[in-house]
Visitor: 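Please see the structure below; I have some questions.
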Amino acid sequence: MTTAPVRDARTISIWDAAHAADARRPRSLQTRLGASDTICSRRAGYILAGAERTNEGDKRAAILGTYIHRGLLEDARREYNWLVERTVADDLIRGHVDVVQLDAATASRLPKRHRPVEPAEVVTVEDVKTKSARVWDRVLRYGPTAAEMRQVLLYAGLLSTVGFSDMPGQRYLHRLGPIDVQRIRFRFVCRDTGEEHIQEFPFDEWSSFEARWWVERVVDAESVEELRRDFDGPGLSPVCDNCPFVKHCWPGVAPGKPAQTILVHDDADREKALAEYVRAHERYRQSSQVKKKVRAMLDDSPAGVYGENKLGWSGGNDKEEPDVQAMVDMFENADLTVPMVPDVPGMVNTLRRAGMAVPLRKAAGQTTARSISVTRAPSRP
């Protein structure tokens, strides 16, 4: 006996509650530029201009990331007494630093109850990022994006010049004044597997000045339209697909046409686009040829770790096909009519409709396609 699933038509999705709560978060309502908003020049400009957010996007993955992020930081605060989600700001920008780990000398200036369980070697500004398995190999290879690096540099720059903000709950931190930041750290966590990857960089004051200049350029712009689009647009970039200002940024798109068509206004634009297409195609052709050659070179190599890369193989297994003679025997034993000319697809369908397993045999001399897999080698302890 089987039971048909029943769903009450009045049952609402739990995601309705999640999206409603997300819409009320300060980050979703702010009109002042935060360090985490520096992902794209034009997007930052729309925030400063107070533009209406007209695109909700699919926020489910981001909301899940927020839950994981918040839970990890809260547990780290309770277990290690880390400084978590502390506010930094000046007249240009503000933000909430995920983690600030103080060295022993700086921590000793705090009341004992606020000191970390284990001081850091040097003052470190840390940012926790959750990532999907789809982009995890890229994270391992290339680390933080330019926008992610800019965000942490802004945090570190504010700490090193003005210190923690003077506000309830952290006035004891504000009294420390400017902090001697020496290191920035990225802690990446894979949302699908829980794997953790850490990358550290010395704090560079000039790089923080450059990040601040990026913000100043956005603030000083006379109009949002003069700011560049830092991504390729909807349909080509997930950042644009989920941007709340995508309709402002890509207006006047004809129905059924790609948004990028608004970038072409005349024959000069078409000439420039075609030249870029030809250059990109040539680079693609050359890269494809290199990949084909290297793939052929590695065809006889065993799977394993070679330097910074891990080589793996999939496929290459014996191919299976329906065993016609075995099916004929099954038909005769079941008193089924055996086709005079073997109809393999028809016999397979008959057996499946009868709930019987289709007998298979190895196809002589045939194997499944063999695919190469190249991923980042695991870090050595």
Side-chain angles (χ1 to χ4, degrees), residues 1-16 18 58 60-61 63-65 67-68 130-141 189-196 235 238 241 256 284 287-306 309-378:
M1 177 180 177
T2 59
T3 303
V6 176
R7 178 175 177 178
D8 190 333
R10 296 168 297 177
T11 302
I12 62 174
S13 171
I14 198 169
W15 282 110
D16 294 341
D58 186 352
R60 287 176 294 182
I63 291 173
L64 287 175
Y67 293 159
I68 296 171
T130 62
K131 299 286 184 177
S132 69
R134 179 176 54 85
V135 300
W136 190 246
D137 186 63
R138 188 163 73 241
V139 169
L140 298 181
R141 290 184 183 278
V189 178
C190 181
R191 290 193 294 265
D192 303 271
T193 65
E195 185 178 350
E196 181 182 40
D241 291 336
Y284 171 78
S287 298
S288 297
Q289 194 61 33
V290 171
K291 286 181 64 177
K292 290 177 183 177
K293 178 182 177 182
V294 174
R295 167 65 177 81
M297 291 168 59
L298 293 170
D299 193 70
D300 200 31
S301 298
V305 174
Y306 302 94
N309 296 296
K310 181 180 179 181
L311 172 64
W313 297 100
S314 61
N317 304 313
D318 291 326
K319 227 176 199 179
E320 292 185 327
E321 62 183 7
D323 188 333
V324 176
Q325 184 56 53
M327 287 196 296
V328 170
D329 294 340
M330 292 176 70
F331 269 57
E332 291 177 345
N333 292 336
D335 291 329
L336 297 173
T337 302
V338 179
M340 295 301 294
V341 177
D343 177 12
V344 176
M347 296 173 75
V348 167
N349 289 334
T350 299
L351 291 176
R352 286 177 175 165
R353 285 197 303 271
M356 303 171 69
V358 178
L360 301 174
R361 68 177 183 183
K362 293 181 180 179
Q366 297 184 48
T367 60
T368 59
R370 189 164 180 253
S371 301
I372 189 172
S373 168
V374 182
T375 57
R376 176 79 174 180

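These numbers were taken from a predicted model, which means no experiment stands behind them. Start at 1 with the first residue, then count along the sequence.
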Visitor: I need the full list of salt bridge (Lys or Arg N to Asp or Glu O under 4.0 Å) pairs touching residues 289-298, with sequence neighbours left out, sorted by first then second residue.
Guide: Arg295-Asp299
Visitor: Of all heavy-atom pairs between Arg361 and Pro322, which one has the smallest distance, and what is that distance?
Guide: NE-O, 4.3 Å
Visitor: Of all the heavy-atom pairs spanning Met327 and Pro359, show the shortest one and how long it is.
Guide: CG-CG, 3.5 Å
Visitor: Atom NZ of Lys310 and atom CZ of Arg376: how far apart are they, to the nearest 0.5 Å?
Guide: 13.5 Å
Visitor: Under the side chain to side chain contact (heavy atoms under 4.5 Å, CB included) rule, collect the residues that match up with Ser301, sequence neighbours excluded.
Guide: Leu298, Leu311
Visitor: Does Gln325 have any side chain to side chain donor-acceptor pair (under 3.5 Å) partners at least two apart in sequence or in another chain, and if so, which?
Guide: Asp329
Visitor: Please tabulate, for side-chain N and O atoms in residues 347-356, each donor-acceptor pair with protein atoms closer than 3.5 Å (sequence neighbours left out).
Guide:
{"residue": "Asn349", "atom": "ND2", "partner": "Pro345", "partner atom": "O", "Å": "3.3"}
{"residue": "Thr350", "atom": "OG1", "partner": "Gly346", "partner atom": "O", "Å": "2.9"}

Visitor: For a quick test of reading the model, state the closest non-hydrogen atom pair linking Met330 to Ala357 and the distance between them.
Guide: CE-O, 3.5 Å
Visitor: Not counting sequence neighbours, which residues clear side chain to side chain donor-acceptor pair (under 3.5 Å) with Asp137? List them please.
Guide: Arg141
Visitor: Which residues pass the side chain to side chain donor-acceptor pair (under 3.5 Å) test with Arg138, sequence neighbours left out?
Guide: none
Visitor: Looking only at heavy atoms, what is the nearest atom pair of Ala303 and Gly312, with distance?
Guide: CB-CA, 4.1 Å
